[in-house]
Q: 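This is the structure I have questions about; it appears just below.
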Number of protein chains: 2
Amino acid sequence: MSEDDRAIARERVIESMEQSAEVYGLSRSAGRIYGVLYFSEEPLSIPELVDETGYAKSTISNVTRTLTRIGMIYRRSSEGGGRRVQYTAEREVWFILQDVFQQYVQREIQTTLRTVQRAQAQLPDDSKNETERIEELRETYEDLQEIVTLASEFTAAELRDALESYDR
Amino acid sequence: MSEDDRAIARERVIESMEQSAEVYGLSRSAGRIYGVLYFSEEPLSIPELVDETGYAKSTISNVTRTLTRIGMIYRRSSEGGGRRVQYTAEREVWFILQDVFQQYVQREIQTTLRTVQRAQAQLPDDSKNETERIEELRETYEDLQEIVTLASEFTAAELRDALESYDR
DNA sequence: CGCTTTGTTCGGTACACTCCGAACAAACAA
DNA sequence: TTGTTTGTTCGGAGTGTACCGAACAAAGCG
């Protein structure tokens with residue numbers, strides 16, 4: 001098993017992370033930067049990330065900021081006392097997915113639900129077309145909110161177990 | 001309760017759908033077109049959708065195609081025998097979310113899992129850094145795949161019930 | 001057969017987004 | 001102090017996407 005083979009396998013997985021990043025609304029560079037940090041043994045600084053990824057310093061700076069904001073990587077204010085900033089990856093993918101879920105899906109469901117509830121409050125229940133539709137929407141979104149809220153409190157294993165053991 | 005109030009409530013909800021569409025990777029126009037169809041009592045043709053939404057005919061044509069492809073709306077080859085194509089909305093929001101899930105999330109998880117499995121197969125288990133990381137990834141993604149597969153077979157109510165009644 | 005209506009396709013414009021490089025700020029080293 | 005390293009910010013080039021209008025195809029109606 002050569003070092004080359006390991007590097008190739010690593011590269012494939014990182015490419016896959018670039019792909020996934022796009023699916024989750026991030027840039028390819030974000031996927032690569034995360035991937036490099038994911039496989040790195042030690043924390044990396046911005047210049048080191050420039051070397052590893054080939055991206056410009058400014059790109060690294062901007063992308064690390066957003067990755068830090070959404071909790072995919074962590075920023076440590078240097079450990080040698082120097083000015084260098086160090087980054088490490090959150091390696092629990094499940095945590096990351098929960099965060100993305102929370103920030104995008106859950107938020108979207110909540111605002112939609114609020115809009116629907118407000119719209120419904122201003123309408124009478126005279127079963128006109130709009131009124132019925134809005135009622136249906138509200139019910140669905142209340143279910144959704146409950147599901148997402150519960151799911152975000154589970155670990156992946158618990159969630160899997162809950163679904164596998166559920167008897168209809 | 002005036003017709004105006006109803007129209008205003010309707011408009012608010014449709015705006016919310018435009019927003020949601022963007023979250024799910026669709027265009028705003030897709031959200032509005034779906035929303036108009038969602039509230040419409042009868043099926044609508046392309047010219048009618050042009051009137052209702054203000055979008056250009058070509059935009060309606062393109063967007064209805066993609067909405068039809070992903071199952072958010074249905075296309076009926078005219079019911080008066082004429083050439084007009086009629087569109088109706090899928091009103092079960094849960095079905096739509098399942099489809100989106102299936103097409104985007106599930107697919108992404110599957111390709112990632114395949115990549116990780118292939119990478120792992122080419123590496124020995126000598127517990128080097130890359131090898132460990134890839135093993136962790138594989139486990140997480142196997143859990144994820146199982147969760148998503150199971151969840152996509154549930155109705156919203158069942159899923160909610162499964163989570164609510166699960167005792168850790 | 002024209003003429004109208006409907007729907008698709010194609011080229012173009014406007015806009016947002018990604019990434020780069022340069023300029024700048026801040027801290028350390030000599 | 002001056003020079004060097006690190007990190008952020010800003011302007012711009014390149015690219016993709018949404019949407020529009022025009023041209024075109026296809027079908028019904030006189």
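We name chains A, B, ... by the order of the sequence lines, and we start the count at 1 in each one.
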Q: Looking at B:Arg84 and B:Glu48, is any side-chain nitrogen of the basic one under 4.0 Å from a carboxylate oxygen of the acidic one?
A: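 Counted as a salt bridge, because a side-chain N and a carboxylate O are separated by less than 4.0 Å.
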Q: Does a nitrogen or oxygen in the side chain of A:Arg75 sit under 4.0 Å from OP1 or OP2 of D:dG7?
A: no
Q: Output, in order, the C-alpha distance, side-chain angles, deciding distance and verdict of side chain to side chain contact (heavy atoms under 4.5 Å, CB included) for A:Val93 and B:Leu137.
A: CA-CA 8 Å; A:Val93 176; B:Leu137 271 186; 3.7 Å; yes
Q: Just distance, no hydrogens or angles: give the donor-acceptor pairs under 3.5 Å from side chains in residues 37-44 of chain B, sequence neighbours left out.
A:
residue : atom : partner  : partner atom : Å
B:Tyr38 : OH   : A:Arg133 : O            : 3.4
B:Ser40 : OG   : B:Glu42  : N            : 3.4
B:Ser40 : OG   : B:Glu42  : O            : 2.5

Q: Hey, are B:Glu15 and B:Arg12 close enough for a salt bridge, meaning a charged N less than 4.0 Å from a carboxylate O?
A: no
Q: Among residues 11-42 of chain B, which ones have heavy-atom contacts with DNA chain C below 4.0 Å?
A: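 None, since no heavy atom is under 4.0 Å.
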Q: Do any pairs count as a salt bridge (Lys or Arg N to Asp or Glu O under 4.0 Å) and have a residue in residues 144-159 of chain B, sequence neighbours left out, and if so which ones?
A: A:Arg168-B:Glu158
Q: Taking the minimum atom-to-atom distance to the side chain of A:Pro47, which one of D:dG7, C:dT6, C:dT8 wins?
A: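 Of all the options, the side chain of A:Pro47 is nearest to D:dG7.
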Q: Could you tell me how far apart B:Asp51 (CG) and C:dG7 (P) are, to the nearest whole angstrom?
A: 12 Å
Q: What pairs of residues pass the salt bridge (Lys or Arg N to Asp or Glu O under 4.0 Å) test when at least one of them lies in residues 101-124 of chain B, not counting sequence neighbours?
A: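 For residues 101-124 of chain B, and leaving out neighbouring residues, there are no salt bridge (Lys or Arg N to Asp or Glu O under 4.0 Å) pairs at all.
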Q: Please answer: with hydrophobic residues joined when any side-chain heavy atoms are less than 4.5 Å apart, are B:Val85 and B:Tyr74 in the same cluster?
A: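 They do not share one cluster, since no chain of ILVMFWY contacts under 4.5 Å joins B:Val85 to B:Tyr74.
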Q: Measure from CG on B:Leu44 to P on C:dT6 and round the result to the nearest Å.
A: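 Rounded to whole Å, this separation is 13 Å.
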Q: If you restrict it to nitrogen or oxygen atoms, what contacts under 3.5 Å exist between nucleotides 20-22 of chain C and the protein, and what is each distance?
A:
residue : atom : partner : partner atom : Å
C:dC20  : OP2  : A:Ala56 : N            : 2.9
C:dC20  : OP2  : A:Thr59 : OG1          : 2.6
C:dG21  : N7   : A:Ser58 : OG           : 3.1
C:dG21  : O6   : A:Ser58 : OG           : 2.8

Q: Can you pull the salt bridge (Lys or Arg N to Asp or Glu O under 4.0 Å) pairs that have at least one residue in residues 27-40 of chain A, sequence neighbours excluded?
A: A:Glu11-A:Arg32, A:Glu18-A:Arg28, A:Glu18-A:Arg32, A:Glu22-A:Arg28
